Amino acid sequence: MEAMKETVDQSLREMRETFASGRTRSVKWRKAQLGAIIEMVKDNEEKMSDVLFQDLGKHSTEAFRDELGFVMRSATTALNCLDKWVVPRKSNLPLLFYPATGKVISEPYGTVLVLSSWNFPISLSLDPMIGAIAAGNTVLLKASELSPNASALLAKLIPSYLDTKAIKVIEGGPDVATILLQHQWDKIFFTGSPKIGKIIMAAAAEHLTPVTLELGGKCPTIIDHHSVSKDMKSVVKRISGGKWGSCSGQACISVDYVLVEQSFASTLIDMFKPVIRSFFGENPKESGCLAKIVTKKHFQRLSRLLNDPRVKASIVYGGSMDEEKLYVEPTILLDPPLDSEIMNEEIFGPILPIITLRDIQESIGFIKSKPKPLAIYAFTKDENLKTRILSETSSGSVTFNDLMIQYMCDALPFGGVGQSGMGRYHGKYSFECFSHEKAIMEGSLAMDLEARYPPWNNFKLNFIRLAFREAYFKLVLLMLGLTKGVRK
Amino acid sequence: SNVKEDNPASLGIRAQSLSVFAYVSVYVMVKVFQAADATDLVTELRRSFDDGVTRGYEWRVTQLKKLLLICDNHEPEIVSALHDDLGKPELESSVYEVALLRNSINLAVKQLKDWMAPDKVAKTSLTTFPASAEIVYEPLGVVLVISAWNYPFLLSIDPVIGAISAGNAVVLKPSELAPASSSLLAKLLEQYLDSSAVRVVEGAVTETTLLLEQKWDKIFYTGSSRIGRIIMMAAAKHLTPVVLELGGKSPVVIDSDTNLKITAKRIIAGKWGCNNGQACISPDYILTTKEFSPKVIDALKQELEAFYGKNPMESKDMSRIVNSNHFDRLSKMLEEKEVSDKIVYGGQKNRDKLKIAPTILVDVPLDSQIMSEEIFGPLLPIITLNNLEECFDVIRSRPKPLAAYLFTQNQKLKERFALTVSAGGIVVNDIAVHLAVPTLPFGGVGESGMGSYHGKFSFDAFSHKKAVLYKSFIGDAAIRYPPYSTGKLRLLKALVNSNILEIFRVILGLS
């Protein structure tokens, strides 16, 4: 541990020196690093796919879609837009301040820490780094030890492609994180669970370090079967693809549970079955298209959730598990008890509870009774229901008639609220996430108003009152002595 | 008391009964704020919020207009309370508290409809086509505003304006160090605003601690960095986002090519003319060259006399020091060895009246108390440099301040300063004015804070910007779903690279 402490100290020192030298401020440097990230992913696509398969059993297509392609797109966007993003924004000043001018410039925070999660170890590491670099910071990455091959690959590749004096990687688990958190950072970006998020924020508080916390929650999916009956096949496909086709449900924006009217439940379940089979064949374990559960510990957690006898009794599809292969079959539950563990913590696995309601309108109240999730999904064409969902529930985001793709749309801010997190990123928001918006105001030494200065008297008081009200005409009258005072 | 003192024993008994009587009276008269009260308060406000009381445009505008009525109908009382608490001159109270608030409210009323409207998002990408998107502003819920003692009305109501415009229920805890203002705020807000959603809790450490144990949807704090840490730590327990408006040592760099008369006037008005240096963006210390320093001192002396006369201790145009704790703190700074002999102007003190004269010092040791912590008072150290260039290192070696000031005509210096000095905000050729500009975000960085407000930034500070994506059922591409194949992978790659030609080729190939 002493060696690790020394490494951290040294790394921080070097990054701070590099930042102080101004090297990372140059747009040219930032673009070079972003270009290098694209190159790094392009050159090592196969290696990256391999480690994602080793750590998570991800198919290379899934790996590309969710991680590699995503990162390349993100870096390309930053590269193309950087010139625009770094331009200071002019602010219009009220006439009162003439001839002063105002603007806001985005300034890098300095030395930032990125702590990423194991479920999308490449993209959740590189994407925030892209934001940090685009904004001109030096950055240290600690990837998750639960995806050790991905973490090791990043630790190996990043130094050979990127500026090692400014961008560093440290590997390790909670003990390394603890050491890192004892130091002062200019910003911390964390992706993970709310429980750890609290620890991160408390550690950051010691140093008044601003944080972005991308956490999780139980993302509900509302199916308003009345209004989307025509497209129900698509609905089921999208839900299935979103749930089981992306890291086996181990994603912060995964569908956690479905809300549907009682009358439609059994039809719905019957529609899921052929879709699941078409995706994963008769034996999903051998399909090669279903990611595995990341560790034995998580497997045992899911096992425990399912082994609750009342929950077990609600299984209507799937349910088989293989601890050795870290495999959990795509599983559907029908109305597990609402006080069971599985309905009170983020599932983060391939188990899908279907909760039935008498009327789909009740879904609003149901969602409100739980902590604010990262995303709410609703399959509906009913404008009233859409409005109610938007105005009566709160979540990081809302997506109508699809799932997960809000993640891909980098014109939209991606982040949580309440228990699902604070701060946001993607696209320009990544740049802003790692920037301090500094106001710059410039006054003129040419003109001066006596009324600004003591000793105070009534004239000056009235002058300033009128000036604040922007009552310029009355102001002129006052100065000409044509009016004495002003009504308060 | 009229009772003749007899012997110590009966004195003792009388004293005891008096104190018991006093304790009981106080307990009965002033309901002690306890944990259950804090919980009940938040529960009640949350119920109001859940019932939708604060969400509608009408409610928000009505509350804002009521705040305006407070400004219109009660300015004399506000001025009087500020005079009681801080000895604040009428002009400062009228201008820097009431008028600024009035402007802030008027702006919010005028712009609220705009602010509340969703932002349309220009384009969604090819991979998510066809879709449309927008960003919806929604209130966070029940928020806590903790304000400071130096501008008790401004720093209480300005954040509350943001909270209300954004549609939240809000609890305000004003500073106990400005008690007249605190109780006036409690009285007026209760009288004018909707108490089912807006409340004031008066008190000190105990009450604040009880409030901080609750779960809030946002906490907005103005005050010191030390307490800022405590606030953020408490917020972490509930994953509550915070805005911390803290302070720091705001430096003023003076270049020899500046108009010295105007520079001196602006510094004086910005320092002693704003609550006698007790402001978060007060010019804390000056950096200038050894050569230019005598001229700076002369200009300051001249203008100080013009503003406050030959006997500034008698001037009514300056606030007093807020209390004896702060007086003693500032006294200690002045009395430190190697500091006390650096005074070149002022230095007079009067503990009974809580007054310290405008005091200028030159070249105090850089590790002295006065150069290590935020002064927050009427003392102005001048640090001289061989070369003005050295100012960058001096500023950089200290925690990031809330503001940094530069007086110069040199364009290159202005640009370098704006770019390389990290502070909440930078003002060139003036002092503090950026606080009054609603189109500039006002907030700190590093030790001086996080988050910002004023104008629309206040509305944003208390809102959650919710991303909303509308998708249709057209175009359900098979490439999205398992089973995965190389063909699907190629198409995905082409889509990601937005390579239209490749997309067509692959689609033709697939079909």
Side-chain angles (χ1 to χ4, degrees), chain A residues 59 61-62 64-65 69 73 91-93 97 102 104 107 194 197-198 201-202 205-206 208 210 231 234 237 241 245 279-280 289 390 394 397-402 405-406 408-409 411-413 417 419 422 436-445 448 452-456 461 464-465 468 488, chain B residues 75 89 91 94-95 99 103 121-125 127-128 133 136 138 225 228-229 232-233 236-237 239 241 259 262 265 269 273 307 317 418 422 425-430 434 437 439-441 445 447 450 464-473 476 480-484 488-489 492-493 496:
Chain A
H59 188 281
T61 303
E62 189 188 326
F64 182 85
R65 183 196 66 203
R73 236 260 322 276
S91 302
N92 284 325
L93 264 47
F97 295 96
V104 178
E107 158 185 285
K198 291 179 183 176
M201 188 172 170
E206 295 266 6
L208 288 173
D231 300 295
S234 253
K237 266 182 110 176
F279 284 1
F280 305 111
C289 292
L390 278 182
S394 183
S397 64
V398 178
T399 301
F400 290 108
N401 298 327
D402 211 330
I405 56 162
Q406 74 275 21
M408 299 281 172
C409 175
L412 279 176
V417 65
Q419 294 291 102
M422 55 182 80
H436 162 54
E437 303 297 313
K438 187 166 71 176
I440 318 261
M441 184 162 165
E442 185 176 334
S444 159
L445 288 168
D448 210 13
R452 291 182 54 165
Y453 308 114
W456 304 128
L461 179 54
I464 297 177
R465 272 218 183 91
F468 263 100
K488 287 188 190 171
Chain B
E75 194 172 330
L91 187 136
S94 280
V95 172
N103 273 18
V121 170
K123 63 174 181 72
T124 48
S125 60
T127 33
T128 55
V136 167
E138 74 182 14
S225 307
R229 285 171 161 81
M232 189 171 170
M233 198 100 54
K237 295 202 175 77
L239 288 171
N259 177 327
I262 293 184
K265 287 165 87 168
F307 285 12
D317 288 335
S422 187
I426 305 247
V427 185
V428 175
N429 293 338
D430 214 329
H434 63 310
V437 176
T439 46
L440 287 173
V445 63
E447 285 287 315
M450 55 182 79
H464 167 52
K465 302 189 199 182
K466 185 160 73 177
V468 183
L469 189 63
Y470 298 89
K471 194 86 162 29
S472 76
F473 287 102
D476 205 16
R480 290 178 53 163
Y481 307 115
Y484 300 124
K488 286 186 182 180
L489 183 55
L492 258 176
K493 286 190 174 174
V496 161

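Within every chain, numbering begins at 1; the chains are lettered A, B, ... in the order of the sequence lines, protein sequences first and strands thereafter. These numbers were taken from a predicted model, which means no experiment stands behind them.
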Heavy-atom contact with chain B under 4.5 Å, split by part of A/M422: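 Answer is side chain: those atoms of A/M422 sit under 4.5 Å from chain B.
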A/E442 versus chain B, the contacting section by heavy-atom distance below 4.5 Å: both
Option that, when pairs with chain A are counted at under 4.5 Å, heavy atom only, ranks first among B/V427, B/D430, B/L440: B/L440
Options B/A418, B/A269, B/G273, B/G228, ranked by heavy-atom pairs under 4.5 Å with chain A, top entry: B/A418
By a 4.5 Å heavy-atom criterion (distance strictly below it), what part of [X] contacts chain A: side chain, backbone, both, or neither?
X      : result
B/N259 : both
B/P241 : both
B/K265 : both

Parallel, tilted or perpendicular, as decided by the 30° and 60° cut-offs, for the rings of B/Y484 and A/H59: tilted
Please report the shortest heavy-atom distance between [X] and [Y], naming the atom on each side.
X      : Y      : result
A/P455 : B/D317 : CA-OD2, 3.2 Å
A/G443 : B/N429 : O-CB, 3.5 Å
B/A236 : A/A202 : CB-N, 3.5 Å
B/H434 : A/M441 : CA-SD, 3.5 Å
A/C289 : B/P483 : SG-CA, 3.9 Å
B/I426 : A/K438 : CG1-CD, 3.9 Å

Within this structure, what is the [atom1]-[atom2] distance for the pair [X] and [Y], rounded to the nearest 0.5 Å?
X      : Y      : atom1 : atom2 : result
B/E138 : A/S394 : CD    : OG    : 3.5 Å
A/S444 : B/I262 : OG    : CD1   : 7.5 Å
A/S234 : B/K471 : OG    : NZ    : 9.0 Å

Worked verdict on B/K466 versus A/V398 for side chain to side chain contact (heavy atoms under 4.5 Å, CB included): CA-CA 7 Å; B/K466 185 160 73 177; A/V398 178; 3.9 Å; yes
Does the side chain of [Y] come within less than 4.5 Å of [X]'s, by heavy atoms?
X      : Y      : answer
A/D402 : B/L469 : no
B/V95  : A/L461 : yes
A/H436 : B/M450 : no
B/P441 : A/V104 : yes

Closest-packed option against chain B by number of heavy-atom pairs under 4.5 Å, given A/G241, A/P413, A/G102: A/P413
A/S91 (side chain) donor-acceptor with B/T439 (main chain) under 3.5 angstrom: yes
Side chain to side chain contact (heavy atoms under 4.5 Å, CB included) evaluation trace for A/L208 with B/S225: CA-CA 8 Å; A/L208 288 173; B/S225 307; 3.9 Å; yes
Verdict with reasoning, A/E206 to B/M233, per side chain to side chain contact (heavy atoms under 4.5 Å, CB included): CA-CA 8 Å; A/E206 295 266 6; B/M233 198 100 54; 4.2 Å; yes
